[in-house]
Chemist: 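Sending over a structure as structure tokens; questions will come in a sec.
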Amino acid sequence: MENNDIIKIARAKAEKWLDKAYDEKTREEVKRMLENTDTTELIESFYNDLEFGTGGLRGIMGVGTNRMNIYTVGAATQGFSNYINKMFPNEKKAVCIGHDCRHNSRLFSETAANIFSANGIHVYLFEDLRPTPEMSFAIRDLGCKGGVILTASHNPKEYNGYKAYWDDGSQLVPPHDKNVIDEVKKVQVSDIKFEGVPEMITILGKDFDKKYLDKVKTLSLSPEAIQKEHDLKIVFTPLHGTTYELVPASLRNWGFTNIHTVPEQSIPDGDFPTVASANPEEPAAFKMALDLARKIDADLAMACDPDGDRIGIAVKNDAGEWTLLNGNQTNIIFTEYIIRRKKELNQLKGGEYTVKTIVTTELIKDIAEKNHIICYDVYTGFKWIADVIRKEGGEKFIGGGEESFGYMPGAFTRDKDGVSATSLMAEIAAWVKMQNKTLYSFLKEIYAKYGFSQERMIYIVRKGLSGAQEIKAMMEEFRHNTPKEINHSPVVLKKDYLSLEATNLQTGEKTHLNFETKSDVLQFFLADGSKISVRPSGTEPKIKFYFEGRAQMKDMNDYERAQQDANARIDAIIKDLKLQ
């Protein structure tokens with residue numbers, strides 16, 4: 001499409017925003033864009049529409065159809081309201097709304113509250129910023145039909161987002177996700193009921209926090225360890241986000257008495273002034289926490305992302321140096337601890353299960369199955385973990401997680417839960433300390449018991465239309481011309497989530513993959529235990545490769561050698577696939 005055509009489309013859409021249905025400030029901003037000889041801002045703001053996808057909305061804040069503002073948030077909320085009213089025509093209906101620390105999050109949450117209430121739906125609105133998992137818990141606890149959290153997680157400060165949840169406290173899954181999208185697409189600005197009904201809005205405050213924190217405490221499996229090691233030195237940073245009060249409060253509720261928060265990062269701030277990226281997956285985000293940990297000689301350092309669903313963990317290695325655990329290692333520790341303690345407490349009665357995403361380490365499955373626990377595989381995203389709980393029930397659920405720093409140890413929330421995860425990890429640290437061990441030595445003990453696993457993710461960027469075509473061609477090549485061996489190891493199993501077929505490449509036998517929806521993901525399992533997962537990014541011009549290399553450990557002292565072997569194996573796979 002020619003640039004002139006793009007400008008013409010953007011201009012036509014922008015001119016509609018000069019209508020009296022839009023507020024004066026918005027109209028002035030649109031007028032300024034239309035009069036500007038540089039059309040860059042006009043095109044970026046209006047050429048595309050910010051789409052309500054299966055996860056809701058996410059985008060840069062500002063005026064326009066391709067921006068997060070009260071009108072795009074309003075259309076999403078009106079469409080969601082219409083769907084809830086359609087699904088529950090003769091019932092009392094309520095929703096819960098929460099928000100994070102970002103600019104405009106309070107404005108957007110109050111806008112949504114007004115629209116829901118104007119559509120006859122009662123609203124429970126948190127008085128101030130709260131972590132995403134608490135909002136998920138509130139939906140279930142208050143018997144709501146759905147909920148919304150205004151957050152862009154750890155995206156840059158210019159972004160905000162709108163995540164929609166269903167009545168079980170999880171993000172929307174089929175058929176509701178597509179059905180809500182259809183309703184949102186029908187909404188015109190004149191349809192949005194911005195005038196709220198105050199008596200239909202109930203504010204949730206500290207009393208509800210206590211209810212949530214008391215529920216989090218029910219996850220404790222070793223209260224005697226906390227009692228003995230209550231003065232465990234814990235450093236925590238909320239990275240300017242929603243857990244600045246609730247994580248320290250939860251740790252105190254569990255019995256910990258020596259909690260140190262990073263003062264500069266314990267002030268909620270949508271500019272995230274002390275970090276380049278407020279993401280616990282990024283080592284740089286841990287700098288201030290580790291500086292404090294070294295200063296006070298802490299036992300454990302933890303971080304949550306701004307909306308409080310992700311958790312990052314730092315521990316001391318055998319040389320006393322601080323090291324960051326990756327998301328797979330955190331999941332491994334949680335899984336082994338929960339199963340071991342539940343066994344010791346005689347709480348495993350049969351039929352218990354855990355859930356992991358398909359790109360998360362297979363070691364989770366090994367730990368589970370060797371302890372006679374079922375392990376389910378799901379697509380990336382905690383809504384799919386919640387979907388398993390919906391089908392299997394919450395009674396037998398013993399935890400679920402994904403490699404991107406998320407874990408959910410209880411079924412009372414249906415999204416990853418940084419508040420619960422930090423509390424439980426602190427308990428594990430106390431439990432190992434009571435046995436004169438460390439979290440690092442406990443991790444090595446798990447590897448020695450079940451086998452070593454090293455994971456790595458790389459991506460290749462291919463921009464523009466030609467890039468998209470190249471990525472598609474790469475996927476087709478892997479799909480239809482699967483290598484017989486990679487790094488001199490036979491490919492024994494291929495899983496194609498687009499055809500939902502698993503193919504045994506030794507026998508040619510095909511079996512159905514029991515997933516309700518299709519996804520453009522391929523996985524190859526090698527005879528040497530390696531796993532390769534390939535998928536194009538849904539939001540960026542990237543193709544992502546997830547590698548898992550396995551190695552055996554003779555004992556805990558064999559850790560470094562096993563790590564070198566597994567890394568060398570991954571290096572060789574990448575070289576063999578000509579990815580670097």
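Quick caveat: nothing in here was measured; it's all calculated off a predicted structure.
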Chemist: Who passes salt bridge (charged side-chain N to carboxylate O under 4.0 Å, His left out) against Lys178, sequence neighbours left out?
Modeler: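 With sequence neighbours excluded, Lys178 shows a salt bridge (charged side-chain N to carboxylate O under 4.0 Å, His left out) to no residue whatsoever.
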Chemist: Can you check whether Leu239 reaches Pro280 side chain to side chain, under 4.5 Å on heavy atoms?
Modeler: yes
Chemist: Considering residues, nucleotides and ligands other than Glu199, do more than 12 of their heavy atoms fall under 6.0 Å from its CD?
Modeler: yes
Chemist: When you check the gap from the basic side-chain N to the acidic O, do Glu29 and Arg32 get nearer than 4.0 Å?
Modeler: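 Salt bridge: yes.
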Chemist: Can you tell which of Phe137, Phe208, Tyr165, Phe126 makes a side chain to side chain contact (heavy atoms under 4.5 Å, CB included) with Cys96?
Modeler: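 In the set Phe137, Phe208, Tyr165, Phe126, the residue that makes a side chain to side chain contact (heavy atoms under 4.5 Å, CB included) with Cys96 is Phe126.
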Chemist: Side chains of Asp100 and Thr242: is there a donor and an acceptor less than 3.5 Å apart?
Modeler: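 Not at all, the side chains of Asp100 and Thr242 share no donor-acceptor pair under 3.5 Å.
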Chemist: Could you tell me which residues satisfy salt bridge (charged side-chain N to carboxylate O under 4.0 Å, His left out) with Asp417, sequence neighbours excluded, listed by chain and number?
Modeler: none
Chemist: Check for me whether the distance between the ring centres of Tyr71 and Phe194 falls short of 6.0 Å.
Modeler: yes
Chemist: Please list, chain by chain and in numerical order, all residues satisfying salt bridge (charged side-chain N to carboxylate O under 4.0 Å, His left out) with Asp415, sequence neighbours excluded.
Modeler: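 Partners of Asp415 under the salt bridge (charged side-chain N to carboxylate O under 4.0 Å, His left out) test: none.
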Chemist: Does atom CZ of Phe515 have more than 12 heavy-atom neighbours, drawn from other residues, nucleotides or ligands, at distances under 6.0 Å?
Modeler: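 Enclosed: over 12 neighbouring heavy atoms sit under 6.0 Å from CZ of Phe515.
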Chemist: Determine, step by step, whether Lys495 and Leu513 satisfy the side-chain contact (heavy atoms from CB on, under 4.5 Å) criterion, reporting the C-alpha distance in whole Å, the side-chain angles of both residues, the deciding distance to 0.1 Å, and the verdict.
Modeler: CA-CA 8 Å; Lys495 291 184 178 181; Leu513 292 169; 4.0 Å; yes
Chemist: Is the CD atom of Glu127 crowded by more than 12 outside heavy atoms at less than 6.0 Å?
Modeler: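 Yes, because the 6.0 Å sphere around CD of Glu127 holds more than 12 heavy atoms from other groups.
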Chemist: Among Ile226, Val216, Val247, find the residue that satisfies the side chain to side chain contact (heavy atoms under 4.5 Å, CB included) test when tested with Ser423.
Modeler: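 The passing option is Val216.
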Chemist: Ignoring hydrogens and geometry beyond distance, is a side-chain donor-acceptor pair present between Tyr159 and Arg102 at under 3.5 Å?
Modeler: no
